[in-house]
Amino acid sequence: MRLDPYRRVLALPGVRSLMVLALLARIPITAIGVTMTLHVAQDLHRGWGAAGLVGAALTVGTAIGGPLNGRFVDRKGLRPMLVATTACEALFWAVAPSLSYPALLVGALVAGVFSLPVFSVVRQSLAALVPADQRRQAYALDSMSVELSFMAGPPLAVLLMSSLSGRFTMWAIGGCLVLAGIALFVTDPPVHAAADAATDPAEAAAPVRRRDWLTPRFLAVCAAAAATTMVLAGTDLGIVAMLREAGKVQLIGGVLAAWGVYSLIGGFVYGALTRAVPLVALIGGLSLCTLPIGLVGDRWWLLFIALLPAGALCAPTLSASADLVSRLVPSPARGEAMGWHGSSLTVGLAVGSPLAGWAIDHGSPGWGFAAVGAVGALITAVLLVLRRTSTPLDPTTSPLPTADAVPTAATTAPVPADAALPTAVTVAAAAPVPTAVTVPAAAPALPTAATGPAATTVPAADAALPAAATATATATATATVSAAAPVPAAADPALPTAATGPAAAPVLAADPALPTAATVLTDAVLPTDMAAGTPARR
């Protein structure tokens, strides 16, 4: 397994400290769900439905606040947003243990809107710190960090709730969130790349319009992200229901831990690959591998094996969606875009558990896996159709301009009557080509450039004459003839001039192989000693 890609990412300035901070700051966030559920059920003596309603209020508030906080970061910077959200977190968790259920329900909604957006901030900062060609490894590390946080947060919350009290646990979560906000404020990780600050100031100051990046491709990525967490939430609930029905509740923690380890391994392998896997293939594989887990039935020990394929695709799918968002959206709007991405993940979590629960209530625990897997596969099919009929889901480099789109000398210069013959303009601009002069039969002779004050316009070149004739014309280059009348030019008269003598005669651009600029070859009159070199048309 190649470790060099991860070493290079972690060697980048600021990445290692950001990863450590992200791991620690996410642990209290992952403990919120189980803490609030147990507090409502045990301390407030409400049912599980009431506890789920508080969790839903937190989820809705977080989904609303994600884009708003991200847009605030894009416009005002990271620190002002951290001050506002950290203060709100401190206020809510300080009074939450003393609130009645109706007040807690409203407070959870408001606290969700102003919650500390650690996930989005870390992903936006990674896009600023890491070059585009190394972001796949960076987001793979981030997804593995998320798995570790989820493996640590809920068990710690349960331990504190059972050994101490729900009040102390909620205060501990609030204190850790305040410390996380202060740490982010002090370190102030960049949210825009240094290269963005070096752009033209007028262009950087211009606001990025939402319609420029909120495209169908971006919405497809958000749909894939929501489908991912929907499948994960349904799988989580299905595991709990299956082990509870089998009478093995004590093994729930072990199975969930094994599922997290599979995701860690999959994320590590995905980041070490030499080539990225398309997001639509990852979400499709995750959904299809989740479908047959329910076939385990009463053989609960097979869960450790059945969860392996789907578990190994969890972290890669999440990291691929974040990587795509960082590439599809310009840096000035990346905060809001990451907020939309985080809201999509939250919506998926909110939909997955009720969907799996409904299937379990109307069937068996196995139907919970089948329901979320089938919906995930359906979303994948829709994304595949969109991928074939419109812009691909995965970002590609912009196509280079074609020859038709690039203006050339042939398109800007006047076109001669015979477009197949090169003119003096194209010869001078492109490459040296042996040229010749065609003289009408009425003209007795042509003057050379060295004939003194009488200047005569020289006709345009006839490229049909062979180079052999130009070589033999050197013997007559010193011949001087009297000018009778100007000879009309067949092409553009604005040809390069040879500044010889008081009056300069327009002449053709000379071929470097010709001895002098005054070499003139006639097609009508040739000396007798050049009869053997009579030019032939090509």
Side-chain angles (χ1 to χ4, degrees), residues 18 22 25-26 29-30 59-74 78 81 85 112-113 115-130 132 135-136 138-147 149-150 189 191-192 208 210-233 267 276 278-280 282-283 286 314-352 376 379 383 386 393-395:
L18 179 65
R26 285 166 172 163
I29 297 177
T30 61
T59 300
V60 172
T62 304
I64 295 173
L68 297 178
N69 291 328
R71 189 172 180 84
F72 190 46
V73 172
D74 291 334
L78 179 61
M81 184 276 297
T85 54
V113 174
S115 60
L116 187 67
V118 176
F119 289 84
S120 300
V121 168
V122 170
R123 287 164 181 157
Q124 184 181 2
S125 184
L126 282 177
L129 292 171
V130 180
R135 286 180 192 165
R136 179 162 57 88
Y139 284 117
L141 286 171
D142 180 65
S143 295
M144 289 187 278
S145 171
V146 172
E147 290 295 339
S149 298
F150 272 100
V191 292
H192 299 294
V208 178
R210 189 181 285 109
R211 64 173 178 269
D212 293 336
W213 57 267
L214 196 61
T215 60
R217 183 191 292 186
F218 175 80
L219 295 177
V221 174
C222 290
T228 302
T229 51
M230 179 201 66
V231 173
L232 299 184
L279 175 60
V280 67
L282 292 171
I283 181 59
L286 175 64
C314 294
T317 310
L318 292 172
S319 63
S321 63
D323 186 16
L324 276 175
V325 171
S326 73
R327 296 172 185 269
L328 290 174
V329 181
S331 180
R334 199 171 286 151
E336 184 179 357
M338 285 297 179
W340 281 106
H341 176 259
S343 297
S344 302
L345 297 175
T346 304
V347 169
L349 291 173
V351 172
I379 295 175
L383 294 178
L386 295 176
L393 181 59
D394 300 305

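Just so you know, these numbers come straight off a predicted model, no measurement behind them. Scope of the values below: all heavy atoms of this structure, side chains included, with no hydrogens, waters or symmetry mates. All residue numbers in this chain count up from 1 along the given sequence.
- One distance of note links CD1 of I64 with OG1 of T346; it measures 11.0 Å at 0.5 Å rounding.
- Taking OG of S331 as the reference point, atom NE2 of H192 lies at 5.0 Å (rounded to 0.5 Å).
- Residues S326 and M338 form a side-chain contact, since some pair of their non-hydrogen atoms from C-beta on lies under 4.5 Å apart.
- Checking L279, L282, T228 one by one against P316, the side chain to side chain contact (heavy atoms under 4.5 Å, CB included) holds for a single residue, L282.
- Nearest heavy atom pair, residue G376 against residue V231, reads CA-CG2, 4.4 Å.
- The two residues S344 and A225 have their closest heavy-atom pair at CB-CB, 4.4 Å.
- Atom OG of residue S145 and atom OH of residue Y139 lie 13.5 Å apart, to the nearest 0.5 angstrom.
- Between V60 and V113 there is no side-chain heavy-atom pair separated by less than 4.5 Å.
- Looking only at side-chain heavy atoms (C-beta outward), V73 and Q124 come within less than 4.5 Å of each other.
- Rounded to the nearest 0.5 angstrom, R135 CZ and D323 CG are separated by 7.5 Å.
- By the 4.5 Å heavy-atom criterion applied to side chains, S115 and T85 are not counted as neighbours.
- Side-chain atoms of L345 and L318, non-hydrogen and from C-beta on, do get closer than 4.5 Å to each other.
- Exactly one of L18, N69, L78 qualifies for a side chain to side chain contact (heavy atoms under 4.5 Å, CB included) with V121. That residue is L78.
- Every residue two or more places apart in sequence or in another chain that forms a side-chain hydrogen bond (donor to acceptor under 3.5 Å, both in side chains) with S321 is listed here: H341.
- Looking at heavy atoms from C-beta onward, S125 lies in side-chain contact with L129 at the 4.5 angstrom threshold.
- The aromatic rings of F150 and F119 are tilted relative to each other, their planes meeting at an angle between 30° and 60°.
- Partners of D142 by side-chain hydrogen bond (donor to acceptor under 3.5 Å, both in side chains), not counting sequence neighbours, listed by chain and number: R26, R123.
- Taken from CZ in R210 to CH2 in W340, the straight-line distance is 7.5 Å, to the nearest 0.5 Å.
- Taking the side chain as every heavy atom from C-beta outward, P332 and D74 never approach each other to under 4.5 Å.
- Going from atom CG of L328 over to atom OG1 of T215 covers 6.5 Å, rounded to the nearest 0.5 Å.
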